[in-house]
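To start, the structure under review is shown below, and the notes come after it.
Positions are given from 1 along the sequence.
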Amino acid sequence: SPDCLSSQFSGEPTSYTRFSIARQTDGDNSHVEMNLAADEEEGGEIGRPEHLHASMPPPRRNGKNLCFVIMAAALLLLIGFLIGYLSYRGRMQRVNRCLDGSGNCEMTPTASYFSDDGMEEEEVPGPRILYWPELRKMLSSKLSTARLEANLRQREGKNSFEAGKAEDESTASHVHDQFTSFRMDDVWNDEHYVRLQDKGSSRNQVFIIEDGQEEELESPDAYVAYSKSGTVTGKPVYVNYGRKEDFQKIRNLGVSMNGAIIIFRAGEITLAEKVANARKEGAVGVLMYPGPSNDRKADSYVPFAHAHLGTGDPFTPGFPSFNHTQFPPVESSGLPQIPVQTISREAAARLFGKMDGDKCLEEWRADIMGCKVTVSGSSKMTVKLTVNNVVVDRKILNIFGVIKGFEEPDRYVVLGAQRDSWGPGAAKAGVGTAILLELARVISDMVKNDDYKPRRSIIFASWSAGEYGAVGATEWLEGYSTTLHTKAFTYINLDTAVLGSTDIKISASPLLYSLLETIMKRVKDPANDSRFLDSRFGSDWIKKVVPLDLDNAAFPFLAYSGIPVVSFGFYDEGDEYAFLGTTEDTLANLKRKTVNLYPLMRTAAEVAGQIALRMTHDHELFLDLDRYSDELLSFQEKLWHFNGDVK
């Protein structure tokens with residue numbers, strides 16, 4: 001009624017609320033406080049002139065006139081709505097054409113307005129809007145193979161970058177200085193005090209004992225971290241890759257493995273998993289030799305490795321290794337508890353030559369000629385293994401640089417690369433670190449000089465102690481697990497991005513499959529400029545996705561914190577890079593294996609860069625929830641066969 005409407009418009013004014021958002025820093029975590037305060041003025045009501053408080057007789061209202069007023073207001077509202085809808089629809093059509101690259105992306109035309117003196121003036125255009133096709137082209141044009149080469153050559157002439165030692169710290173300082181020179185929003189170090197293993201004062205040794213005589217098989221410079229120190233003796237038994245099905249085949253042959261020294265070849269599963277399987281069978285020691293290679297020089301090389309069935313510092317499992325932290329004296333259950341050592345292919349061939357038992361199974365013979373399962377029942381030949389590793393306490397540094405998001409700065413994507421290596425580590429750590437620095441430079445330049453404003457933050461991380469099982473990355477996750485679990489939405493691993501050139505290896509969370517598929521269709525193949533990367537896979541590329549293994553630095557992000565991850569790289573299937581983890585992992589050997597090394601690095605950087613930019617550019621995160629649901633249902637079907645056993 002008119003009286004009702006009158007009371008609505010002539011009543012007391014409603015007070016409003018002011019939101020004051022102030023960022024508070026408390027240690028390592030940040031939070032936001034919202035101060036809500038009703039505006040108050042002396043004298044009572046807000047913004048109401050004093051003369052309006054005087055009593056005034058209510059005006060006379062005509063009901064018919066009021067009805068016309070309401071109808072006119074409704075009509076104007078409807079017209080305004082239609083104009084706004086049509087304008088919004090036209091704008092969204094232009095945006096969609098912009099996003100898929102099929103239309104003109106000029107969305108900020110200048111306009112004219114009239115000044116107070118009646119003269120027409122040109123309005124200053126708003127901030128530049130970058131749409132995805134333009135952003136993608138900008139990234140590609142700025143990536144430089146020359147800078148990638150310069151970054152990689154930083155490691156030339158140095159023999160080792162062991163975690164916590166001088167060369168590792170020097171590289172950490174270089175990465176920190178580079179991040180600072182890129183004018184990032186923030187650069188910092190993260191210190192951890194961890195327990196690692198180093199080789200002892202004397203080399204580890206492997207002997208063949210025959211008729212009471214000891215013959216040295218090998219005394220390598222390399223060692224296996226977290227192996228138990230001591231001397232063990234046992235008969236040799238060869239178990240192929242050390243998988244559970246391989247052990248089952250040995251059991252079917254009636255060969256006892258209790259008290260034996262098990263021999264494996266590298267591949268299929270990690271050394272830590274092989275050792276865990278051997279220990280369950282009662283083995284007292286383990287030897288592992290590298291897989292085959294077309295490079296005959298590689299037969300004499302012995303790789304470094306670690307045997308911890310897990311990630312992070314095994315002496316603070318589940319806890320961050322900060323300085324002066326006090327935790328219960330506990331060890332990871334993933335420590336092997338038996339001596340473990342790597343040997344060369346040449347040493348393995350000599351060992352097989354001394355064994356007089358049955359020949360290997362047909363499918364196991366392709367690796368080394370003269371392969372034997374074990375010694376005969378009448379033979380007294382044994383193998384003696386001596387490991388002299390020592391436990392050391394070291395300080396390691398993780399280096400971080402961040403480009404803060406403009407709208408959601410507390411949500412971030414992380415790009416990371418291992419920095420340390422037991423040898424020169426050109427492929428193991430050099431390639432990833434070079435790509436990390438180049439992406440940090442390019443994206444920082446896009447933000448500072450090309451008006452790119454990422455919605456969310458991008459963190460660049462250089463990890464230490466990756467050779468020991470992603471120790472640096474895992475300790476960071478353990479130290480900030482609550483924050484990272486809720487605020488980090490993707491981890492992009494840059495390690496070993498180039499080990500060959502003919503094939504592509506992808507490990508990723510199902511949530512990122514669709515994004516990867518889209519990007520592969522837009523990144524050119526370095527071997528052929530006229531085609532894109534997706535041509536290497538075909539239509540059913542998802543079946544070629546490789547599960548993450550323990551030695552992948554992305555593993556703890558997914559397994560420990562539930563963060564979607566992706567790991568991408570080039571390799572040669574059937575002709576693996578034989579120098580990985582050895583003292584011969586040099587730039588010269590890597591270039592000899594991959595002639596077009598720097599174009600491959602640039603392509604890997606472009607894939608990683610597009611993932612990071614797309615995840616920080618779009619309004620909605622590019623995560624495929626439907627695909628993830630399908631993968632979970634598929635896994636549930638596989639588990640269903642074991643339903644009775646579980647019950």
(message) Checking Tyr577 against Asp585: is there a side-chain donor and acceptor pair closer than 3.5 Å?
(response) yes
(message) Can you give me the closest heavy-atom contact between Asp572 and Gly500, atom names plus distance?
(response) OD2-CA, 3.6 Å
(message) Can you confirm whether the side chains of Thr382 and Thr233 place a donor and an acceptor under 3.5 Å from each other?
(response) no
(request) Could I get the full list of side chain to side chain contact (heavy atoms under 4.5 Å, CB included) partners for Ile542, not counting sequence neighbours? (result) Tyr513, Arg627
(message) Closer than 4.0 angstrom, basic N to acidic O: yes or no for Arg536 and Asp525?
(response) yes
(message) What's the separation between atom OG1 in Thr496 and atom OH in Tyr571, rounded to the nearest 0.5 Å?
(response) 12.0 Å
(message) I'd like to know if the side chain of Arg522 and the backbone of Gln610 have a donor-acceptor N/O pair within less than 3.5 Å.
(response) no
(request) Would you tell me whether His641 and Asn643 have side-chain atoms, one donor and one acceptor, within less than 3.5 Å of each other? (result) no
(message) Within the supplied structure, the quantity of interest is the number of heavy atoms (other residues, nucleotides, ligands) at a distance under 6.0 Å from Gln636 CD; does it exceed 12?
(response) no
(message) Below 30° counts as parallel, above 60° as perpendicular, anything between as tilted: where do the rings of Tyr480 and Phe322 land?
(response) perpendicular
(message) Can you tell whether the side chains of Lys249 and Glu363 come within less than 4.0 Å, N to carboxylate O?
(response) yes
(message) Tell me which one of Val566, Leu512, Leu415 satisfies side-chain contact (heavy atoms from CB on, under 4.5 Å) with Ile611.
(response) Val566
(request) State, without any angle test, whether Asn389 and Ser227 hold a side-chain donor-acceptor pair at a distance under 3.5 Å. (result) no
(message) On a heavy-atom basis, which atom in His306 and which in Leu271 lie closest, and how many Å separate them?
(response) O-CD2, 4.0 Å
(request) Fit a plane to each ring of His617 and Trp132, take the angle between them on a 0 to 90° scale, and name the class: parallel (under 30°), tilted (30 to 60°) or perpendicular (over 60°). (result) tilted
(message) Would you say His192 and Asp313 are linked by a side-chain donor-acceptor pair, where the criterion is simply a distance under 3.5 Å?
(response) no
(request) Decide salt bridge (charged side-chain N to carboxylate O under 4.0 Å, His left out) for Asp168 and Arg419; before the verdict, give the C-alpha distance in whole Å, the side-chain angles of both, and the deciding distance to 0.1 Å. (result) CA-CA 7 Å; Asp168 177 43; Arg419 187 180 66 248; 3.0 Å; yes
(request) Mark yes when over 12 heavy atoms from residues, nucleotides or ligands other than Asp358 sit less than 6.0 Å from its CG; otherwise mark no. (result) no
(request) With ring-ring contact (aromatic ring centres under 6.0 Å, His included) as the test, would you mind laying out the steps for Phe568 and Phe570 before giving the verdict? (result) CA-CA 7 Å; Phe568 172 93; Phe570 294 95; 5.6 Å; yes
(request) Could you note down all residue pairs passing salt bridge (Lys or Arg N to Asp or Glu O under 4.0 Å) where residues 382-397 supplies at least one of them, sequence neighbours left out? (result) Glu191-Lys395, Arg195-Asp393, Asp198-Arg394, Glu214-Lys384
(request) Assess the side chains of Thr386 and Gln205: does a donor N or O sit below 3.5 Å from an acceptor N or O? (result) no
(request) Can you sort out the partners of Glu281 under side chain to side chain donor-acceptor pair (under 3.5 Å), two or more places apart, ordered by chain and number? (result) Arg251
(message) Pairing donors with acceptors under 3.5 angstrom, does anything connect the side chains of Tyr238 and Asp246?
(response) no
(request) Report yes or no: does Thr374 contribute a side-chain atom to a donor-acceptor pair with the main-chain N or O of Gly357 at less than 3.5 Å? (result) no
(message) Under a 3.5 Å distance rule, please check whether Thr486 uses its side chain to pair with a backbone N or O of Thr482 as donor and acceptor.
(response) yes
(message) If you compare all heavy atoms of Ile492 against all heavy atoms of Ala612, which two are closest, and at what distance to 0.1 Å?
(response) CD1-N, 3.8 Å
(message) If only side-chain N and O atoms count, and only distance matters, is there a donor-acceptor pair under 3.5 Å linking Ser507 with Ser567?
(response) no
(message) What I want to check is whether the side chains of Ser464 and Asp420 have a donor and an acceptor closer together than 3.5 Å.
(response) no
(request) Could you tell me how the ring of Phe400 sits relative to the ring of Trp188: parallel (under 30°), tilted (30 to 60°) or perpendicular (over 60°)? (result) parallel
(request) Could you tell me whether Lys428 and Asp495 make a salt bridge, using a distance below 4.0 angstrom between a side-chain N and a carboxylate O? (result) no
(message) For the residue pair Asn240 / Arg265, report whether a side-chain donor-acceptor contact shorter than 3.5 Å exists.
(response) yes
(message) Quiz question: by atom type and distance under 3.5 Å, do the side chains of Trp422 and Tyr223 form a donor-acceptor pair?
(response) yes
(request) Could you tell me whether Tyr628 atom OH has more than 12 heavy atoms of other residues or ligands within 6.0 Å of it? (result) no
(request) Find the distance between OG (Ser481) and OH (Tyr560) and round it off to the nearest 0.5 Å. (result) 4.5 Å
(request) State, without any angle test, whether Glu273 and Thr270 hold a side-chain donor-acceptor pair at a distance under 3.5 Å. (result) yes
